[in-house]
Amino acid sequence: MESHLSTRGEDFAKKKPTFLGVLENAWDPLLNPEGIVNLGLAENTLMHAEMKELMNSKIQVDSHSLTYGDGFSGSRKLKEAICHFLNKNFSPDTALLPSHITVTSGVSNALECSAWALFDQGDHVMVGRPYFNAFRSTFSDRAGVGLLEVEFGKVDPFGLAAIEKYEEALSAARQKGFRVKALLLCSPHNPLGRCYRENVLREYMRLCERHKLHLISDEIYALSVWESPDLPDPVSFKSILSINAAQIMDPSRVHVVWGLSKDFGATGLRIGCLISQSNGRLLEATEGFSLLNFPSSLADSLAASLLMNDTFTSHYLTTNRQRLTQSYDFVTTFLKSHRIPYCQSNAAFFLWIRLGAATADRKATDDEILAKLRNQKVYIAAGYAYASEESGWFRMVFAHPRDVLEEGLKRMLQALAS
Ligand SMILES: Cc1ncc(COP(=O)(O)O)c(C=O)c1O
């Protein structure tokens, strides 16, 4: 049968995400014990009980939720609630105001808005390897903005020396005629689960000033930073907003994205925001196409009530951190006892694990390991999807209750032994 799609329609059809098959057949100990255990998708279900209880009992829906609200860039109420919450939790150098924010349907959408409004088709954004795989599609699929990948080799991607790697990549790319317009930081980092020190962040800002680059800081995991039993002297989260940008770089080139998907375990709410404190024109530009991507007024209203509820949010964030520590401890104890190497982390909900060094068949390629995992019905994402510089690495999500982790790890071991 002919599809009758356009050329671009055919291109998009080929890009249907492969993890959707996992979601259609998700494991449940009672309802679907033969289903797939999902330790691949970046979701945190550790606090779902508390969040459901709040939403089902405390939050009232008004008729505002059934309308276009106050416009297409988020309600005034939600913008005020985001300011209230982030002014407390991000310690911005200049207090956030509603006029600094565009609300979007999720953080990917906030990033795509920045791609449309800041860049032209064919421009490039620098990003260090490995990086969150959807950055590529977010910037390029519709807005046509390319990623310029930066390799670190043996250099610590969180240290000062990494900045030289960006300088080298930038100058090589510009010599080849690439238009490089921005640096994208994921802070805290997906998939490595670590934070950047303040002096390193300042150095990134200087780099951006030297080369007239925008700095886009994706801080979606900002408040999911926890005590790691592996790291007695960890680097904690520091928002770019907490640094006085004007002393270092043109502040109109500093942009931050954040949302509820990760820090509040609510990927389904689809609430994110683009924050730019010194570039009102950027926010106006995103309003120019906001009709095409604005969030549901119902989600907007729920998010506003949540973020204004100080008692709930402070209890949530503290308990979430404790549970992330416990889950990390549980999984890393298991990994150590089975001699599976991993990178230590203290942020987000990932373990970057080296399954390539732990398979019975030491010659197995990453695709062969993926197939073994698939045969055992456990989904763990391959590092190459995140542009890992080395083969053998996988990203495991550990922000799930104990029964899910136990079942997933059991299946992972069976896969490694096969
Ligand atoms: C670093 C990073 N940015 C953005 C997103 C997308 O978030 P959202 O679901 O709010 O679009 C994710 C989701 O995994 C992520 O890890």
Side-chain angles (χ1 to χ4, degrees), residues 17-20 22-23 38-45 51 74 78 82 86 101-116 125 127-143 145 147 157-158 182-196 215-225 237 239-240 255-275 286 293-296 299-300 302-303 306-307 324 345 347-352 379-381 383 385-388 395-400:
T18 46
F19 64 77
L20 294 181
V22 176
L23 300 184
N38 179 5
L39 301 182
L41 208 56
E43 293 193 301
N44 177 357
T45 58
M51 188 59 94
L78 178 54
I82 292 174
L86 294 186
I101 297 172
T102 285
V103 180
T104 55
S105 52
V107 169
S108 291
N109 188 239
L111 289 168
E112 201 202 26
C113 286
S114 76
W116 281 113
V125 170
V127 62
R129 293 172 65 178
Y131 57 85
F132 168 49
N133 51 358
F135 282 155
R136 178 166 294 287
S137 49
T138 303
F139 280 86
S140 73
D141 278 1
R142 298 196 295 188
V145 174
L147 291 189
F158 296 93
L183 188 147
L184 172 62
L185 271 191
C186 188
S187 163
H189 194 272
N190 172 6
L192 297 178
R194 284 171 56 195
C195 301
Y196 293 89
L215 176 59
I216 303 173
S217 184
D218 181 339
E219 303 189 353
I220 193 170
Y221 296 98
L223 306 173
S224 305
V225 179
F237 168 70
S239 174
I240 282 287
H255 322 290
V256 168
V257 292
W258 180 76
L260 301 190
S261 297
K262 313 297 170 171
D263 287 341
F264 285 102
T267 50
L269 265 190
R270 310 309 302 139
I271 292 288
C273 59
L274 171 63
I275 302 169
T286 63
N293 50 242
F294 71 106
S296 141
D300 177 306
L302 285 173
L306 166 72
L307 294 176
L324 286 167
S345 57
F349 13 95
F350 311 115
L351 270 160
W352 191 239
Y379 172 50
I380 299 173
Y386 301 86
S388 171
R395 192 195 75 170
M396 177 195 279
V397 174
F398 63 82
H400 295 299

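Atoms within each ligand, like the ligands themselves, are counted from 1 in listed order. For reference, positions follow the sequence shown, starting with 1.
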Requested in this report: Check the side chains of Arg270 and Asn109 for a donor-acceptor pair under 3.5 angstrom, ignoring hydrogens and angles.
Outcome: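 Asn109 vs Arg270: no donor-acceptor pair found between side chains.
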Query - For Thr286, all residues meeting side-chain hydrogen bond (donor to acceptor under 3.5 Å, both in side chains), sequence neighbours excluded - result: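 side-chain hydrogen bond (donor to acceptor under 3.5 Å, both in side chains) list for Thr286, sorted by chain: Thr102.
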Query - Any donor-acceptor N/O pair, His189 side chain to Pro130 backbone, under 3.5 Å - result: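 Yes.
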Query raised in the report: Nearest 0.5 Å, what's the OG-CG distance between Ser388 and Asn133?
Result: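 The CG atom of Asn133 is 12.5 Å from OG of Ser388, to the nearest 0.5 Å.
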**Report entry** Flag side-chain contact, heavy atom, 4.5 Å: Thr267 against Lys262
**Finding:**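 In short, these two side chains touch, coming nearer than 4.5 Å.
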**Report entry** Non-hydrogen atoms of Phe398 and Phe350 that approach each other most closely
**Finding:**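 Closest approach of Phe398 to Phe350, heavy atoms only: CE2-N, 3.4 Å.
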Please produce the table of protein N or O atoms sitting under 3.5 Å from N or O atoms belonging to ligand 1, one pair a line, distance to 0.1 Å.
from	atom 1	to	atom 2	distance (Å)
ligand 1	3 (N)	Asp218	OD2	2.6
ligand 1	9 (O)	Ser261	OG	3.2
ligand 1	9 (O)	Arg270	NH1	2.8
ligand 1	10 (O)	Val107	N	2.8
ligand 1	10 (O)	Ser261	OG	2.6
ligand 1	11 (O)	Val107	N	3.2
ligand 1	11 (O)	Ser108	N	2.9
ligand 1	11 (O)	Ser108	OG	3.2
ligand 1	11 (O)	Arg270	NH2	2.9
ligand 1	14 (O)	Lys262	NZ	2.7
ligand 1	16 (O)	Asn190	ND2	2.8
ligand 1	16 (O)	Tyr221	OH	2.7

